[in-house]
Amino acid sequence: PDNSVIEGIGNREQKIGEEVRNNQEEENQIQPDNSVDADAIGKELVTILKSFKINVDFIEAVVAPSFIRVKLKPQLGVKVVSIIKLSADLQIQMGFENPPLIEPQAGYVSVDLPHPNREAALFDDYLKPQKIQDNASVKISIGVNLEGKLIEADLSDPNTCHFLVGGTTGSGKSEFLRSQLLSLLIRYSPQQLKIALVVPKRVTFPEFEKMPWLYSSVVKDSEGAIELMDKLVGEMELRYQRFEKTGCADLGTYNQRSNQPLPRIVCIFDEYADFMAEKESRSALEQSIKRLGAMARAAGIHLIIATQRPEAKVVTPIIRSNLPGRVALRTASEADSMIVLGGKKTAAAYLLGKGDLLYQVGAKLHRLQSLYAKNIILP
């Protein structure tokens, strides 16, 4: 092999290690350690299950940034539910702070064990500034999968055009939103993309408050949030009028034909629960989200609604039904997990925090690690 390539890889690994070590004190930073023997941990798991008279065959163990996925094949006569029921026992026997997540997969059962020394998924290792063509689809980062591949969502896709994001304190929700936002800014110009920010905490996105991508000033109160959502509904209706005049069905077609292309608009709504206390603001916001959720995709307007408290009174059926994309970071309870992911999906309550997340695409759940942006430098 070319020595320059080997040296380049070595230098890159050294750089990553130095960046991580320099950030040990950061809240969302995770210290790396590649010395874990995943196969030995997997075989220990098989032995413990055998002590409970659950016979399984070890297939392989895959190391992800925040967990180790052990793949097991139950022997004939062993029910998957019998393995799932042992989650708390495995936590005790293997000395974990969190119980492992156990799920049936195609041809095996996955047992996700907490990584003894977690790794960071550094933003700069997965995304670089680049210029995307005007007619290209707009993609937004979600996180890194088991194979180390960055998973992104296409905002023009009906299943991922709007997002509901839930995660409690320490889950890494704010860092996840920041990485999503930055993944857009480093690839799309202010002419291609506008960002609307609703941030009641006032300190979540300080770096972005004067960026040229802003659709309007950063909103920090319920009155401003209502005005912004009304403005977005008006923008949507105006765009549909333009589409009708030009015989276009959506923003992509319109921009291909027009001399004055329109930018996509992404509205990030951090801590939506803070605006649900007053009945008037709750009703007004719900109606705007309902209209935008149902119709805004083709007009190129997208919503990302995030909350620390995904409770039934906050994330109502109207909100859930109009936000098809779902991302659950660690939730405070199983009930909150079910509200974000739907059905009886309680797994988000047992995630590890700091960017460990579940991304739902259709009926399939993907466990990912969100990107960590060490230094935010806008292009």
Side-chain angles (χ1 to χ4, degrees), residues 132 134-142 152-165 177 180-185 187-199 205 208 211-219 222 224-258 260-270 272 275 281 284-307 315 318-327:
I132 303 295
D134 289 343
N135 59 354
S137 59
V138 175
K139 293 188 176 181
I140 190 167
S141 75
I142 306 296
E152 299 182 283
D154 185 346
L155 291 178
S156 61
D157 188 319
N159 295 311
T160 53
C161 54
H162 310 293
F163 278 93
L164 172 63
V165 180
L177 293 176
Q180 280 202 308
L181 177 52
L182 193 58
S183 75
L184 295 171
L185 301 187
R187 293 183 289 186
Y188 306 99
S189 71
Q191 291 71 44
Q192 296 170 304
L193 177 76
K194 291 297 181 186
I195 302 292
L197 287 178
V198 184
V199 190
F205 299 109
F208 304 110
M211 62 182 178
W213 289 266
L214 282 181
Y215 175 71
S216 63
S217 299
V218 176
V219 173
S222 58
I226 293 169
E227 289 178 6
L228 172 63
M229 299 302 277
D230 287 342
K231 185 178 178 181
L232 289 175
V233 170
E235 175 74 24
M236 177 185 74
E237 292 173 343
L238 183 63
R239 290 186 174 196
Y240 275 119
Q241 290 172 13
R242 291 188 180 186
F243 295 171
E244 190 175 5
K245 288 179 183 177
T246 54
C248 299
D250 55 35
L251 181 70
T253 309
Y254 177 84
N255 283 347
Q256 287 177 359
R257 299 180 184 177
S258 174
Q260 293 181 309
L262 297 169
R264 286 193 181 271
I265 301 171
V266 177
C267 177
I268 298 178
F269 216 118
D270 191 24
Y272 177 71
F275 299 98
S281 61
L285 289 172
E286 271 195 342
Q287 291 308 309
S288 294
I289 290 172
K290 181 180 178 181
R291 293 195 66 189
L292 291 167
M295 299 176 61
R297 178 186 67 85
I301 300 173
H302 311 280
L303 300 176
I304 299 174
I305 307 293
T307 180
V315 185
I318 289 176
I319 301 296
R320 291 202 303 272
S321 62
N322 286 286
L323 302 173
R326 304 294 175 85
V327 172

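This structure is a prediction, so every number in the text was calculated from the model and none was measured.
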Not counting sequence neighbours, which residues clear salt bridge (charged side-chain N to carboxylate O under 4.0 Å, His left out) with R291? List them please. E237
Where do A299 and Y240 come nearest, in terms of heavy atoms and distance? N-OH, 3.8 Å
Could you walk me through whether L323 and V315 satisfy the side-chain contact (heavy atoms from CB on, under 4.5 Å) test, starting with their C-alpha distance in whole Å, then the side-chain angles of each, then the deciding distance to 0.1 Å, before giving a yes or no? CA-CA 10 Å; L323 302 173; V315 185; over 6 Å; no
With heavy-atom distances below 4.5 Å as the criterion, would you say the side chains of F243 and L251 are in contact? yes
If we ignore hydrogens and angles and just use 3.5 Å, is the side chain of Q192 paired with the main-chain N or O of S189 as donor and acceptor? yes
Point-to-point distance, once rounded to the nearest 0.5 Å, from CG of L232 to CZ of R239: 9.5 Å
Just to verify, what does T246 make a side-chain contact (heavy atoms from CB on, under 4.5 Å) with, not counting sequence neighbours? C248, Y254
Nearest heavy-atom approach of V219 to A225 is CG1-N, 3.2 Å
Going by salt bridge (charged side-chain N to carboxylate O under 4.0 Å, His left out), name the pairs with one or both residues in residues 240-252, residues two or more places apart or in two chains. none
Could you report the tightest heavy-atom contact between Y272 and I289, atom names first, then the distance? CE1-CD1, 3.6 Å
Tell me, with the steps shown, if M211 and L197 meet side-chain contact (heavy atoms from CB on, under 4.5 Å). CA-CA 11 Å; M211 62 182 178; L197 287 178; 4.3 Å; yes
Which donor-acceptor pairs under 3.5 Å do side chains of residues 155-165 form with protein atoms, sequence neighbours excluded?
unit_1 : atom_1 : unit_2 : atom_2 : d
S156   : OG     : D154   : OD1    : 2.7
S156   : OG     : D154   : OD2    : 3.2
D157   : OD1    : N159   : N      : 2.8
T160   : OG1    : D154   : O      : 2.7
H162   : ND1    : L303   : N      : 3.0
H162   : NE2    : L292   : O      : 3.4

CD1-CG distance between I318 and L285, expressed to the nearest 0.5 angstrom: 12.0 Å
How close do D230 and S288 get, counting heavy atoms only, and between which atoms? OD1-OG, 3.5 Å
List the residues meeting side chain to side chain donor-acceptor pair (under 3.5 Å) with R264, not counting sequence neighbours, and say none if there are none. H302
So which heavy atom on A249 is nearest to which on A298, and how close? O-CB, 3.9 Å
Report the distance from atom CG of L262 to atom CG of L238, rounding to the nearest 0.5 Å. 8.5 Å
Looking at residues at least two apart in the chain, or sitting in another chain, which of them share a side chain to side chain donor-acceptor pair (under 3.5 Å) with S216? none
Roughly how far, to the nearest 0.5 Å, is the OH atom of Y215 from the CG atom of L228? 7.5 Å
How far does CZ of R320 sit from CZ of R326, to the nearest 0.5 angstrom? 7.0 Å
Rounded to the nearest 0.5 Å, how far does CG of D270 lie from CD1 of I305? 10.0 Å
Over all heavy atoms of both residues, which pair between Y188 and L193 is shortest? Give the atoms and the distance, please. CB-CB, 4.0 Å
Carboxylate-amine/guanidinium proximity below 4.0 Å for E235 and K194: no
